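Worksheet: the structure to be examined is printed underneath.
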Amino acid sequence: MPLDASIEPLTIIDALKRSPARIASKYFYDNHGSELFELITRLPEYYPTRTELEILNQFGEDIALAIGQGLTLIELGAGNCEKSQTLCRLIQPSHFVAIDVAEEFVREGANRLRSAFPGLITHTVAADLAVPITLPTGVPYSKRVVFYPGSSIGNFDPADSLALLERSHALAGKDGALLIGVDLVKDPAILEAAYNDADGVTARFNQNILRHANCLIGSDFKPKHWRHVAFFNNSLSRIEMHLEAKTTTVVHWPGGERHFASGERIHTENSYKYTPKILEDRLRQAGFGQIDVWMDARRWFAIVLARTC
Ligand code: AVJ
């Protein structure tokens, strides 16, 4: 994890001292967390990943036709680049740029992609999507398609998601587009099951953020002492994940500590669920023009192509 040691630990500690305490969800993704997330994507309860792939496969030709050819594919939060594999087969880009916070992980993904598509020029960028992204020199300016799959936009609250869409618009450039996957509002029981899987993988993923925090700030969290809590917040249209102290506990780090009462929570994630209408409105607000939407038959997930004007 490429972290700026002079800034990041302070941010984590500040958020931990607040009431309620928070740990930003980007800290899920150390290497172990990225592996756990990969396991999540294969859980029977976790429908988003497979539904998105289903849409890509079912409507691949339409999507490819709408996007066009000879372009530069820029994937945000690329992870293992598995989805780009499918997309690259469909649209045959000339360049591929993978951007992710987990540097090692994304390098491996890009390497796999390069061997699957000889001749494809690939770049990797280690970056946090919460700040403006600078691309390496050599990335063409024209015909850029920013790919943001997996409903990763769900982690951003409405104001931040708008900012992210605006940055994507800028990144895509003049004759570019954004291809984005979003999880849709549905029966809360289905949503909640996806974040409370029977095998407890999501619980381990949630608890792992504490181990990662221990590495980053030298704290002494004991992950097993924290219960995984996930529920749908209907009024804010989001899944919330928290870690709840099983007993009264004090967490220490060099230069500080925080007392937690039994039952007190640390908020670790929001995962916003969209309606197609809300997403389209936000895309227009961010400056996008023509919009195409593809959905699975159950309307659980949407892939949206938004063109820059
Ligand atoms: C990667 C943010 C899309 O919100 O569904 C999965 C992360 N958290 N299970 C999501 C996640 C718990 C995931 N995103």
Side-chain angles (χ1 to χ4, degrees), residues 22-53 55-56 75-84 98-102 105-106 109 128-130 147-158 160-161 164-165 168 179-210 212 223 226-233 236-244 265-274 279 296 300-304:
R22 282 219 55 153
I23 300 177
S25 42
K26 65 179 172 186
Y27 296 115
F28 283 131
Y29 303 98
D30 61 352
N31 284 324
H32 185 54
S34 296
E35 279 165 21
L36 285 171
F37 180 67
E38 242 189 281
L39 291 181
I40 288 175
T41 63
R42 295 189 207 115
L43 292 169
E45 298 94 338
Y46 194 78
Y47 61 84
T49 311
R50 81 175 60 87
T51 308
E52 183 174 51
L53 268 175
I55 299 168
L56 265 185
E75 182 172 1
L76 306 181
N80 63 8
C81 303
E82 199 183 325
K83 283 169 194 152
S84 285
I99 305 176
D100 202 286
V101 282
F105 212 69
V106 76
D128 177 355
L129 302 182
F147 183 39
Y148 196 36
S151 202
S152 298
I153 194 165
N155 278 158
F156 295 87
D157 68 26
D160 290 342
S161 74
L164 181 71
L165 294 179
S168 304
L179 187 68
I180 186 169
V182 292
D183 196 14
L184 301 176
V185 173
K186 60 185 63 64
D187 180 350
I190 295 164
L191 287 171
E192 289 183 346
Y195 294 83
N196 290 284
D197 64 282
D199 279 355
V201 181
T202 309
R204 268 153 46 213
F205 173 73
N206 199 2
Q207 288 163 332
N208 179 65
I209 207 170
L210 299 177
H212 191 201
W226 296 80
R227 184 181 297 115
H228 166 69
V229 176
F231 57 87
F232 186 58
N233 180 330
L236 294 174
S237 196
R238 68 189 194 195
I239 286 281
E240 292 185 13
M241 294 214 314
H242 303 260
L243 289 163
E244 186 177 285
R265 289 173 178 178
I266 302 172
H267 191 173
T268 52
E269 183 166 45
N270 292 320
S271 183
Y272 283 84
K273 305 305 171 187
Y274 284 79
L279 181 68
D296 57 300
W300 280 6
F301 201 94
I303 293 181
V304 176

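None of these values were measured; they are calculated from a predicted model. As the structure lists them, so they are numbered: ligands from 1, and atoms in each ligand from 1.
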Establish, from distance only, whether the side-chain atoms of [X] and [Y] form a donor-acceptor pair under 3.5 Å.
X	Y	result
Asp183	Tyr47	yes
Ser271	Tyr195	yes
Thr51	Asp296	no

Check ligand 1 for N or O atoms under 3.5 Å from a protein N or O and list each pair with its distance.
from     : atom 1 : to     : atom 2 : distance (Å)
ligand 1 : 4 (O)  : Tyr195 : OH     : 3.3
ligand 1 : 4 (O)  : Ser271 : OG     : 2.6
ligand 1 : 5 (O)  : Tyr46  : OH     : 2.5
ligand 1 : 5 (O)  : Tyr195 : OH     : 2.4
ligand 1 : 8 (N)  : Glu269 : OE1    : 2.6

Fill in: Met241 CE to Asn270 CG distance, which is reported to the nearest 0.5 Å
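With rounding to 0.5 Å, CE (Met241) is 10.0 Å from CG (Asn270).
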Item to complete: Give a yes or no on whether a salt bridge exists between Arg238 and Glu240, defined as a side-chain N under 4.0 angstrom from a carboxylate O.
Response: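 Looking at Arg238 and Glu240, the cut-off is met.
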Item to complete: With sequence neighbours excluded, tell me which residues meet ring-ring contact (aromatic ring centres under 6.0 Å, His included) with Phe28.
Response: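 Applying ring-ring contact (aromatic ring centres under 6.0 Å, His included) to Phe28 gives Phe205.
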